[in-house]
Amino acid sequence: VQLVESGGGLVQAGGSLRLSCAASGFNVDDYAIGWFRQAPGKEPEGVSCISSSDSFTDYADSVKGRFTISSDNAKNIVYLQMNSLKPEDTAVYYCAVESRVSWFAPYCSRDYRYLEARGQGTLVTVSS
């Protein structure tokens, strides 16, 4: 199982970036794939999640309306389109295979404590 992120970089406030999470060793449409971020000195935050098996997507309130998660199951890649970026979006972003926390709730939980695997991350820096 391997997850490799790309697409990070330096962008001005108001700009856009698209992150990619290339998966190997498993099919992304069989799992919930989450994007998480961690800023220096802060706890990780679950930004967004997609679960193709139940056609479910979820977003943190802090990014709702600005970020869009999608997947290309044929390419086994999950994307995070980030628009209207703000300096507070600066962080290392990583994708991860989420663990199923409950069979009575959506697969996506965006809980960084329950992950099966994760990538190394890609740095996003938003300048003001």
Side-chain angles (χ1 to χ4, degrees):
V1 173
Q2 189 175 23
L3 298 156
V4 179
E5 302 91 343
S6 62
L10 173 64
V11 64
Q12 287 188 332
S16 299
L17 284 173
R18 188 177 77 160
L19 305 184
S20 299
C21 171
S24 59
F26 70 101
N27 296 321
V28 295
D29 55 357
D30 289 334
Y31 296 88
I33 306 299
W35 279 99
F36 299 80
R37 66 185 181 186
Q38 186 168 21
K42 294 187 177 181
E43 281 197 352
E45 176 188 14
V47 173
S48 183
C49 178
I50 185 167
S51 173
S52 297
S53 61
D54 50 8
S55 301
F56 185 84
T57 59
D58 190 35
Y59 299 90
D61 288 343
S62 58
V63 306
K64 204 168 289 184
R66 300 188 297 123
F67 291 10
T68 303
I69 193 169
S70 63
S71 67
D72 185 330
N73 295 333
K75 294 182 178 179
N76 223 28
I77 297 176
V78 175
Y79 300 100
L80 185 69
Q81 178 67 44
M82 306 186 297
N83 299 328
S84 303
L85 283 161
K86 305 175 181 180
E88 51 263 43
D89 294 319
T90 295
V92 173
Y93 285 71
Y94 59 94
C95 58
V97 180
E98 296 199 8
S99 300
R100 184 176 283 278
V101 177
S102 169
W103 288 100
F104 303 101
Y107 190 168
C108 286
S109 67
R110 289 190 292 109
D111 192 330
Y112 69 90
R113 298 170 298 171
Y114 303 105
L115 305 178
E116 299 289 337
R118 57 161 289 182
Q120 292 296 313
T122 184
L123 177 63
V124 172
T125 304
V126 184
S127 63
S128 58

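Reckoned from all heavy atoms, side chains included, excluding hydrogens, waters and symmetry mates. In what follows, residues are counted from 1 in the order of the sequence shown. In this text the structure is predicted, and so the values were computed from the model without any measurement.
- Looking at Tyr107 and Tyr31, their side chains come closer than 4.5 Å, going by heavy atoms from C-beta outward.
- Hydrophobic cluster membership is shared by Leu85 and Leu80, with clusters built from Ile, Leu, Val, Met, Phe, Trp and Tyr side chains linked at under 4.5 angstrom.
- Taken from CD1 in Ile77 to OG in Ser6, the straight-line distance is 7.5 Å, to the nearest 0.5 Å.
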Practice prompt. Show your working on ring pair (Phe, Tyr, Trp, His ring centres under 6.0 Å) between Tyr112 and Phe36 and close with a plain yes or no.
Written response: CA-CA 7 Å; Tyr112 69 90; Phe36 299 80; 7.4 Å; no
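- For Glu5 (side chain) and Cys95 (main-chain N/O), a donor-acceptor pair under 3.5 Å exists by modelled atom type.
- Of the inter-residue distances, the one linking Gln2 atom CD with Ser24 atom OG reads 4.5 Å to the nearest 0.5 angstrom.
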Fill in: Working for side chain to side chain contact (heavy atoms under 4.5 Å, CB included), residues Thr125 and Val11
CA-CA 6 Å; Thr125 304; Val11 64; over 6 Å; no
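- Taken to the nearest 0.5 Å, the CG atom of Asn27 stands 11.5 Å off from the OG atom of Ser71.
- Within the 3.5 Å criterion, the main-chain N or O of Phe26 finds a donor-acceptor partner in the side chain of Asn76.
- Geometric assessment of Arg37 against the ring of Trp35 yields a negative cation-pi assignment under the 6.0 Å and 45° thresholds.
- For the pair Val124 and Thr90, the minimum side-chain heavy-atom distance is 4.5 Å or more.
- Under 3.5 Å, the side chains of Ser109 and Glu98 contain a donor-acceptor pair of N or O atoms.
- Minimum interatomic distance between Ser16 and Ser84 (heavy atoms only, all atoms of both residues): OG-N, 4.3 Å.
- Nearest heavy atom pair, residue Ala23 against residue Val28, reads CB-CG1, 3.5 Å.
- Atoms CZ and OG, from Arg100 and Ser53 in turn, are 6.0 Å apart once rounded to the nearest 0.5 Å.
- Between Tyr93 and Gln38, every side-chain heavy-atom pair lies at or beyond the 4.5 Å cut-off.
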Discussion item. Is there a side chain to side chain contact (heavy atoms under 4.5 Å, CB included) between Arg110 and Val47? Walk through the geometry before answering.
Written reply: CA-CA 7 Å; Arg110 289 190 292 109; Val47 173; over 6 Å; no
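- Between Ile33 and Val97 the shortest side-chain heavy-atom distance falls below 4.5 Å.
- Pairing each heavy atom of Leu3 with each of Ala96, the nearest pair is CD1-CA, 3.8 Å.
- Proximity of Cys49 to Phe56: side-chain heavy atoms (C-beta onward) are nowhere separated by under 4.5 Å.
- Remark: Lys64 NZ is packed, more than 12 non-hydrogen atoms of other residues, nucleotides or ligands lying under 6.0 Å away.
- Taken to the nearest 0.5 Å, the CG atom of Asp30 stands 10.0 Å off from the OG atom of Ser51.
- Heavy atoms only, all atoms of each residue included: Ser99 and Glu116 are closest at OG-OE2, 2.8 Å.
- Between Tyr79 and Asp72 there is a side-chain heavy-atom pair separated by less than 4.5 Å.
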Item to complete: Any chance you could lay out the side chain to side chain contact (heavy atoms under 4.5 Å, CB included) test for Leu19 and Thr122, step after step, and finish with the verdict?
Response: CA-CA 8 Å; Leu19 305 184; Thr122 184; 4.0 Å; yes
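- Taking every heavy atom of both residues into account, Gly119 and Tyr94 meet most closely at O-CB, 4.0 Å.
- Shortest non-hydrogen contact noted between Leu10 and Ser127 is CD1-CB, 4.3 Å.
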Discussion item. Walk me through whether Ser62 and Glu45 qualify under side chain to side chain contact (heavy atoms under 4.5 Å, CB included).
Written reply: CA-CA 10 Å; Ser62 58; Glu45 176 188 14; 2.9 Å; yes
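- Distance CG/Asn83 to CZ/Phe67: 8.5 Å, rounded to 0.5 Å.
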